[in-house]
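Only this structure's heavy atoms are used, side chains among them; waters, hydrogens and symmetry mates stay out.
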Amino acid sequence: MLTYGIAKENTTRDDGTLWIKVRIPSIHGAESQSDYNGQTIRNYVYDKDLPWFQSILMSDIPNSGDTVVLSSINESNNRFIVLGIMKRS
């Protein structure tokens, strides 16, 4: 299953792997709480609490706000890997 998310941060670990902190709107809520027009959101995840996902090596590193494509790596769709990026122009 492919899904789209919004890159928030990235880091390269000591072993050379790229990890990207990603907000998946259907799981973690909209990019900004202001998108909810003052309504209370039960399941909104703050940026500091978003999960890190391992990424394949890409020629461009995503910046905060870039859209990334993720693929589920197990049948229960709770583990993802970042496969690509769509850079903001």
*Mind checking whether Thr11 and Trp52 have side chains closer than 4.5 Å, heavy atoms only?*
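In short, these two side chains touch, coming nearer than 4.5 Å.
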*Any side-chain heavy atom of Val82 within less than 4.5 Å of one from Gln54?*
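Side chain of Val82 against side chain of Gln54, heavy atoms only: no contact under 4.5 Å found.
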Looking only at heavy atoms, which two atoms of [X] and [Y] are closest? And how far apart?
X     : Y     : result
Ile6  : Pro25 : CD1-CG, 4.2 Å
Val69 : Leu2  : CG1-CD2, 4.2 Å
Tyr4  : Ile24 : O-CG2, 3.9 Å

*Nearest 0.5 Å, what's the CG-OG1 distance between Leu83 and Thr3?*
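If I round to the nearest 0.5 Å, the distance is 11.5 Å.
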*Going from NZ on Lys8 to NZ on Lys21, what distance comes out if it is rounded to the nearest 0.5 angstrom?*
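If I round to the nearest 0.5 Å, the distance is 10.5 Å.
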*Step by step, work out the side-chain contact (heavy atoms from CB on, under 4.5 Å) result for Phe80 and Met1.*
CA-CA 9 Å; Phe80 293 92; Met1 174 181 97; 4.1 Å; yes
*Does a sphere of radius 6.0 Å around CG in Asp14 hold more than 12 heavy atoms from other residues, nucleotides or ligands, not counting ones at 6.0 Å or beyond?*
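No.
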_I'd like to know if Leu18 and Ile73 are part of one continuous hydrophobic network [Ile/Leu/Val/Met/Phe/Trp/Tyr, side-chain heavy atoms within less than 4.5 Å]._
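Result: yes, single cluster for both.
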*Go through Met58 and Ile56 one step at a time and tell me if the side-chain contact (heavy atoms from CB on, under 4.5 Å) criterion holds.*
CA-CA 6 Å; Met58 295 186 274; Ile56 62 169; 4.2 Å; yes
*Knowing that exactly one of Ile81, Leu70, Val68, Ile20 qualifies, which makes a side-chain contact (heavy atoms from CB on, under 4.5 Å) with Phe53?*
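Testing each of Ile81, Leu70, Val68, Ile20 against Phe53, the sole residue satisfying side-chain contact (heavy atoms from CB on, under 4.5 Å) is Leu70.
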_Under 3.5 Å: donor-acceptor pair, side chain of Arg23, backbone of Pro51_ =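 No, Arg23 side chain to Pro51 backbone: no donor-acceptor pair under 3.5 Å.
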*Please answer whether the main-chain N or O of Pro62 pairs with a side-chain N or O of Asn10 as donor and acceptor at a distance below 3.5 Å.*
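A pair under 3.5 Å: yes.
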